[in-house]
Amino acid sequence: MSTPLRTFQVDALQVEVYRQEADLVDSLVLQTQSYLNAVIDRQGAAAAILASGASQIELLKNLTTFGEIDWGRITLFHLDEYLGIGGTHPASFQLFMRELVEQKVTLRKFNYLAGDTLEPMAECDRYHGLLLAQSIDLCLLGIGETGHIAFNDPEVADFNDRYPVKLVKLADKSRQQQVNTGFFDRIEAVPQYALTLTLPTICRARKICCLAMGARKAGIIKTMLTGEISPTCPASILRKYPTATLYLDEAAASMLQ
């Protein structure tokens, strides 16, 4: 297993810095496998929330390819979905998860957010009910360039959100990031609204693993770790949770002292 170049703590948050993405993924895959197997041995089943996006691709590929996990005992959820597109749309997160996870392993269940719902508020309630059916043992996260996790942009992030799952309007910066990472060819094609798990829902997971790689993330990582814990950088909430670990490559950590 690859070992981090350095580890440190910011408030309650553990941070691990690796030389490059491949080392980070190698280490996190083994840590995740060990953790999920221990949970299954202890309680017979496990539940996890997965993140979509470029930062998750290699991790999910390796999780479903290498090592031994009893996927048949695992129930999965995902963090968010665009409103107005169905599960076969090339940019839908449901399709992302089907291709990278569900088609690769035999799961107990993958519960998807229905982006093409005609009743988004009812869909939020439905998904909340599924999340309540069991404790969430693991949540995998990425960090957006505005500091958002899931679709909790600074404009809508609420550390004490009364909604477990909600409908949000996406900030233009967040929509542009989807273009920059290749999921859409122009910002006009990116839906303006999305369904997202809220910050309190995410932070209730028993274990949280957050990834950030590349020089594009260096600025927001500095803000997350050295600025105020505030919804203006939603990911900063992780500094309150000893159950969370932030995994960085050297490029993402390059602006830290």
Side-chain angles (χ1 to χ4, degrees), residues 6-17 24 49-56 78-82 124 128 131 136 138-178 180-181 190 192-257:
R6 63 186 188 276
T7 62
F8 55 94
Q9 187 170 326
V10 180
D11 299 313
L13 175 67
Q14 303 297 315
V15 183
E16 298 185 7
V17 181
L24 184 162
I49 300 170
L50 304 184
S52 308
S55 68
Q56 308 296 309
H78 60 132
L79 286 169
D80 44 18
E81 183 59 278
Y82 297 109
C124 291
H128 176 217
L131 288 163
I136 301 299
L138 173 68
C139 183
L140 300 180
L141 297 174
I143 299 177
E145 292 173 25
T146 64
H148 64 86
I149 50 179
F151 274 133
N152 295 284
D153 288 323
E155 293 83 354
V156 298
D158 184 347
F159 286 179
N160 301 297
D161 210 314
R162 64 190 179 99
Y163 298 108
V165 185
K166 69 180 181 181
L167 175 67
V168 296
K169 185 173 183 179
L170 301 179
D172 287 344
K173 286 183 179 180
S174 183
R175 295 172 68 219
Q176 184 60 48
Q177 184 180 342
Q178 307 307 311
N180 296 344
T181 52
V190 183
Q192 294 190 47
Y193 292 87
L195 307 172
T196 186
L197 275 61
T198 59
L199 295 173
T201 301
I202 291 167
C203 291
R204 275 196 290 271
R206 291 172 172 167
K207 183 178 180 65
I208 301 168
C209 299
C210 187
L211 291 69
M213 286 91 70
R216 288 190 300 110
K217 298 296 176 69
I220 198 61
I221 292 300
K222 181 180 180 181
T223 300
M224 173 191 176
L225 297 182
T226 65
E228 293 184 1
I229 299 176
S230 164
T232 59
C233 179
S236 66
I237 195 175
L238 298 181
R239 288 164 50 189
K240 295 184 175 184
Y241 291 89
T243 51
T245 303
L246 176 64
Y247 297 83
L248 306 172
D249 65 3
E250 279 199 289
S254 61
M255 296 179 68
L256 302 175
Q257 296 296 328

Find the distance between CG (Asn160) and CG (Leu199) and round it off to the nearest 0.5 Å.
9.5 Å
Partners passing ring-ring contact (aromatic ring centres under 6.0 Å, His included) against Tyr82 (at least two apart in sequence or in another chain)
Phe93, Phe151, Phe184
Quick one: side-chain contact (heavy atoms from CB on, under 4.5 Å) partners of Thr232, sequence neighbours excluded?
Ser230
Applying the side-chain hydrogen bond (donor to acceptor under 3.5 Å, both in side chains) test to Asn180, which of Gln178, Gln176, Gln177 qualifies?
Gln176
Report the residues that fulfil salt bridge (charged side-chain N to carboxylate O under 4.0 Å, His left out) with Asp161, sequence neighbours left out, ordered by chain and then residue number.
Lys166
What closest approach, in Å, do Ala157 and Pro234 show between heavy atoms, and which atom pair accounts for it?
CB-CG, 3.6 Å
Side chains of Ile237 and Cys203 in contact at under 4.5 Å (non-hydrogen atoms)
yes
Which pair of non-hydrogen atoms, one from Ile229 and one from Phe159, has the smallest distance, and what is that distance?
CG2-CE1, 3.8 Å
Set of salt bridge (charged side-chain N to carboxylate O under 4.0 Å, His left out) partners for Asp158, sequence neighbours left out:
none
Would the distance check show the side chain of Gln9 and the main-chain N or O of Asp11 forming a donor-acceptor pair, the cut-off being under 3.5 Å?
yes
Trace of the side chain to side chain contact (heavy atoms under 4.5 Å, CB included) decision for Cys210 with Leu238:
CA-CA 9 Å; Cys210 187; Leu238 298 181; 3.9 Å; yes
Suppose we screen for ring-ring contact (aromatic ring centres under 6.0 Å, His included). Which residues come up paired with His78, at least two apart in sequence or across chains?
Tyr112
So CG of Leu24 and CE of Met213: to nearest 0.5 Å the spacing works out to 6.0 Å
Student check: side-chain heavy atoms of Cys209 and Leu141 closer than 4.5 Å
no
Non-neighbouring partners of Arg6 that pass salt bridge (charged side-chain N to carboxylate O under 4.0 Å, His left out), sequence neighbours left out:
none
Side chain of Thr7, backbone of Glu16: donor and acceptor closer than 3.5 Å?
no
Of all pairs that satisfy salt bridge (Lys or Arg N to Asp or Glu O under 4.0 Å), the ones with a partner from residues 219-235, not counting sequence neighbours:
none
Please list all pairs passing the side-chain hydrogen bond (donor to acceptor under 3.5 Å, both in side chains) test where one or both residues lie in residues 244-255, with sequence neighbours left out.
Gln31-Tyr247
Okay, side chain of Ser236, backbone of Cys233: is any donor-acceptor separation there less than 3.5 Å?
yes
Using the test side-chain contact (heavy atoms from CB on, under 4.5 Å), find all partners of Asp172 that sit at least two apart in sequence or belong to another chain.
Arg175
Search all heavy atoms of Cys139 against all heavy atoms of Ala205 and return the closest pair with its distance.
CB-CB, 3.7 Å
First locate atom OG1 of Thr226, then atom CD1 of Ile221, and finally report the distance between them rounded to the nearest 0.5 Å.
10.5 Å
Enter the distance from Asn152:CG to Ile202:CD1 here, rounded to the nearest 0.5 Å.
5.0 Å
Minimum heavy-atom separation for Ala51 and Gly142, please, with both atom names.
CB-N, 4.1 Å
Return the minimal non-hydrogen interatomic distance between Leu246 and Leu13, and the atom names on each side.
N-CD1, 3.9 Å
Leu138 CG to Ile208 CD1 distance, which is reported to the nearest 0.5 Å:
9.0 Å
Can you name the salt bridge (charged side-chain N to carboxylate O under 4.0 Å, His left out) partners of Lys207, sequence neighbours left out?
none
Option among Asp153, Thr223, Ile220 that satisfies the side chain to side chain contact (heavy atoms under 4.5 Å, CB included) test with Thr146
Asp153
Side chain proximity check, Leu140 to Ile49, heavy atoms < 4.5 angstrom:
no
side-chain contact (heavy atoms from CB on, under 4.5 Å) partners of Ala235, counting only residues at least two apart:
Ile143, Ile149, Met224
As a quick check of understanding, evaluate side chain to side chain contact (heavy atoms under 4.5 Å, CB included) for Tyr193 and Leu167, giving each step before the final call.
CA-CA 7 Å; Tyr193 292 87; Leu167 175 67; 4.1 Å; yes
Taking atom OH of Tyr241 as the centre, report whether more than 12 heavy atoms of other residues, nucleotides or ligands fall under 6.0 Å from it.
yes
Before you tell me yes or no, could you show the steps for Leu256 and Val15 under side chain to side chain contact (heavy atoms under 4.5 Å, CB included), namely the whole-Å CA-CA distance, both residues' side-chain angles and the distance that decides it to 0.1 Å?
CA-CA 12 Å; Leu256 302 175; Val15 183; 5.6 Å; no
Rounded to the nearest 0.5 Å, how far apart are CD of Gln56 and CG of Leu79?
8.5 Å
side-chain contact (heavy atoms from CB on, under 4.5 Å) filter on Arg206, not counting sequence neighbours, yields Tyr35, Gln43, Ser135, Asp137
